[in-house]
Amino acid sequence: MSRRRWQGRGGAVRAVALLALLVSATTTPITPIYDSALDLNDTHHLYWRVDYPSEEISFEVHTRGSSKSPWLALGFSDRGDLVSADLCVLWTDWHGRVHFQNAVVGASERLQITEDQDCLKFRHKVRGEVIKFTFTRKFDTCHPHHYVIQGGTTHVVWSGGAGPLYRLGGVLARGEEWGVIRLQLLKPPLPSPQHHDQDCKVLQVRSKKVRVPAEETTYWCTVVKLPDSFATKHHVLQFGPVIERGNEDVVHHMELFHCEYEPGVTVPLYQGPCHSPDRPREIDVCKRVLAAWAMGAEAFVYPEEAGLPIGGPDFNPYVMLEVHYNNPSLYEGRVDSSGLALHYTNQLRRYDAGIMELGLEYTDKMAIPPGLDTFTLSGYCVPECTALGLPEGGIYVFGSQLHTHLTGVRAWTKHIRAGRELPEMNRDNHYSTHFQEIRRLPRPTHVLPGDGLIMTCEFSTLDRENVTVGGFAISDEMCVNYIHYYPRVDLEVCKSSVDTASLQNYLQFMKRWSLQATSSEAGWRENYHAIRWTPLRAAMLADMYANSPLSMQCNKSSGARFPGYWENIPIPRILHPLPPYQRKCDQTKDLPRETEDAGGDSFLE
């Protein structure tokens, strides 16, 4: 997790494709410093700062290792593996000379010195027991074996061991210790929101000593009544997790819902499994999302112009916390009281903010065949739905949380208007289910009535022996974007699945022409599991999804659909795509083979 050390106002950028636009709109560089521990004991600590005009990042590492001449590598990889990682390595030779070199990790897991160095402006010093070194790294060096730093998740890998070394090449990359952390190195250059502690109070909504079942997936619901002070309207300015120590590994994600009743209606104070047959039926209407968090995310802060509305004379005072416990090891005896902390004020901002769900419906109508390096699914928010659900002036999306389960490896949301593709709302080319931040967008995305939004996820099922279907369990899959926007509207869910009749025709085809054991009497999940999956059958499934009409959820916060017939809806097509992103590669610089220690101070001082 990263923490901001503000020396200015702003952050970094979300995507390399947006950099030129962001820089042109920013006359003064905004240079906050971010930091994160590299290991659980904080023996190694990373700081970084971004220079947008130069398109490079300055890194500084502090290490408190016991060796007087250690070697320490820091770098990047696609998925957090050391093999093929692009590393910058500090090491000392047997003469006592300090070196800094660029290396990649080969298939043998040994360091290989690269011909083209991308670790520049090296500085090194020792202060007491702490060794500090700094270097800079271009977002894109244009060398084919160097990692391109993008605006989504970056898997930062590190390793090290005792020295001295007689040479770096051939050293085992794992060393005596190694690890990986996930960060968003490039954050949007946004002003720091101004809210004063004296104007804010904190409300914690938490589970109450839940005995986590020894089951892989549990959704636990807790209904509470808000304090009497919420009889007047307030705005939430920030929310974040409160995780019970020791349960960080089982609390997967949490959502806080409002119970959409008239103010005088009493809702039972239920605590128990969300889908229990014994749950009070009154809680079924607790569906409007107020706040959402997933593992890896920090607190989310609203922009200065908007706040999440809560309370007031027309606001029912009951809310429901839903906690997803992921317990694949089937631990017994875990007791948890995790929840969410909301920072709120009665000093209202200009706009009420809301949360909307885009993407795929949570249903086993969608499936991903096993043994595939890549399989893509898309969920649609169709123009017919935004035409009914959005006001004439539209909405402004300022935050986004991409969400899949374990097989998701890439995710993005496209925005179309009258068949013309507009800039993407959000993209993460190195997505990890273990790092699901709610991310502020570089600038609000203006969505108008009649616009379409396409949420796409890429999955990898190489380690799966059977089909993966859509659903709530962590072993099932999802493809969702929870967008944060203003002004708040009644449209809560804009998601799709494949049209029912099209799926029935596909399963009948599998039975008649491919001799698979599908049946009109079985459910979707059973039918998908009855198919013996081959690359050809997987390709046919992908083609069916890509060309069949949709079944739409165009739902209000109450759960009711907007008026209309939402089956057999055509897929919105991009008729005028954006030109492909062109890498800006500088071929004029002759980079040195090794950057020697230039001395000097750290950039933190």
Side-chain angles (χ1 to χ4, degrees), residues 1 37 39-42 80 179-182 204-224 239-257 268-281 283-284 286 289 291-299 319-341 362 364 368 370 401 403-408 432-437 461 463-478 480 523 525-526 529:
M1 302 276 208
D39 60 329
L40 293 176
N41 297 323
D42 203 9
V180 57
I181 61 171
R182 300 171 182 89
Q204 291 190 4
V205 181
R206 305 176 67 165
S207 301
K208 299 179 181 179
K209 297 183 178 179
V210 177
R211 294 190 175 276
V212 180
E215 301 173 4
E216 181 181 43
T217 301
T218 300
Y219 283 83
W220 193 271
C221 284
T222 302
V223 177
V224 301
F239 64 82
V242 184
I243 308 295
E244 180 115 359
R245 172 167 285 197
N247 290 336
E248 295 87 351
D249 58 333
V250 297
V251 179
H252 184 267
H253 71 262
M254 298 182 285
E255 292 186 84
L256 185 66
F257 298 93
L269 301 180
Y270 174 73
Q271 296 181 60
C274 298
H275 306 295
S276 170
D278 299 329
R279 73 187 187 282
R281 294 304 167 191
I283 74 171
D284 290 350
C286 304
V289 179
W293 170 91
M295 62 168 55
E298 294 184 331
V319 296
M320 182 178 75
L321 175 71
E322 179 186 276
V323 181
H324 172 196
Y325 293 108
N326 176 39
N327 186 12
S329 299
L330 307 182
Y331 295 122
E332 295 183 354
R334 292 286 189 97
V335 178
D336 183 69
S337 297
S338 298
L340 294 169
Y362 305 142
D364 55 6
I368 308 163
Q401 182 185 28
H403 177 72
T404 78
H405 284 174
L406 298 177
T407 67
S432 170
T433 189
H434 303 293
F435 188 56
Q436 300 184 37
E437 289 185 309
T461 58
D463 60 347
R464 297 284 175 105
E465 295 182 357
N466 211 329
V467 66
T468 301
V469 298
F472 290 94
I474 193 67
S475 55
D476 294 336
E477 264 306 345
M478 294 183 176
V480 186
R525 183 181 296 261
E526 291 78 13
H529 278 275

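Index from 1, following the sequence. Because the structure is a prediction, the values reported are computed rather than measured.
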Applying side chain to side chain contact (heavy atoms under 4.5 Å, CB included) to V212 and V335, what does each step give before you reach the verdict? CA-CA 6 Å; V212 180; V335 178; over 6 Å; no
Could you walk me through whether H434 and R182 pass the side chain to side chain contact (heavy atoms under 4.5 Å, CB included) check? CA-CA 8 Å; H434 303 293; R182 300 171 182 89; 3.9 Å; yes
Going through the checks in order, is the salt bridge (Lys or Arg N to Asp or Glu O under 4.0 Å) test met by D336 and K209? CA-CA 5 Å; D336 183 69; K209 297 183 178 179; over 6 Å; no
Hey, mind stepping through Q436 and H252 against side chain to side chain contact (heavy atoms under 4.5 Å, CB included) and telling me if it holds? CA-CA 10 Å; Q436 300 184 37; H252 184 267; 4.1 Å; yes
Start with the C-alpha gap between Y331 and N247, add the side-chain angles, then the distance that decides, and say whether side chain to side chain contact (heavy atoms under 4.5 Å, CB included) holds. CA-CA 11 Å; Y331 295 122; N247 290 336; over 6 Å; no
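Here OG1 of T222 is found 10.5 Å from CG of L269. Values are rounded to the nearest 0.5 Å. Distance check: T218 OG1 to F472 CZ gives 14.0 Å after rounding to the nearest 0.5 Å. Atom CD1 in I368 sits 8.0 Å away from atom CZ in R464 (nearest 0.5 Å). Between the CD1 atom in I474 and the OG1 atom in T217 there is a gap of 6.5 Å [rounded to 0.5 Å].
Looking at L321 and F257, their side chains never come closer than 4.5 Å, going by heavy atoms from C-beta outward. For the pair Q271/V223, no side-chain contact is recorded, criterion being any heavy-atom separation below 4.5 Å from C-beta on. Annotation: side chain of T468 is not in contact with side chain of P370 (no heavy-atom distance under 4.5 Å). Annotation: side chain of T404 is not in contact with side chain of M478 (no heavy-atom distance under 4.5 Å). For the pair Y325/V210, a side-chain contact is recorded, criterion being any heavy-atom separation below 4.5 Å from C-beta on. Annotation: side chain of V242 is not in contact with side chain of L340 (no heavy-atom distance under 4.5 Å). Using a 4.5 Å cut-off on side-chain heavy atoms (C-beta onward), E244 and R206 make contact. Under the 4.5 Å side-chain criterion, counting only non-hydrogen atoms from C-beta, E332 is not in contact with R211.
G80 and V180 get closest at one heavy-atom pair: CA-CG2, 3.8 Å. Across all their heavy atoms, M320 and I283 have their closest contact at SD-CD1, 4.1 Å. When all heavy atoms of A37 and D42 are compared, the closest pair comes out as CB-OD1, 3.4 Å. Nearest heavy-atom pair across M254 and G339 is CE-O, 3.2 Å. Across all their heavy atoms, C274 and W220 have their closest contact at SG-C, 3.3 Å. The two residues L330 and A214 have their closest heavy-atom pair at CD2-O, 3.5 Å.
Although no hydrogens or angles enter the test, the distance criterion places no donor-acceptor pair under 3.5 Å between the side chain of E215 and the main chain of P213. At distances below 3.5 Å, at least one donor-acceptor pair connects side-chain atoms of E477 with backbone N or O atoms of L406.
Salt bridge annotation for R525-D476: present, with a cationic side-chain nitrogen under 4.0 angstrom from a carboxylate oxygen.
Applying the side chain to side chain contact (heavy atoms under 4.5 Å, CB included) test between R334 and each of D249, N327, V251 identifies D249 as the sole match.
Atom CD of Q204 has more than 12 heavy atoms from other residues, nucleotides or ligands within 6.0 Å.
Taking the six-membered ring where the residue is Trp, H405 and H324 present tilted rings, their angle falling between 30° and 60°.
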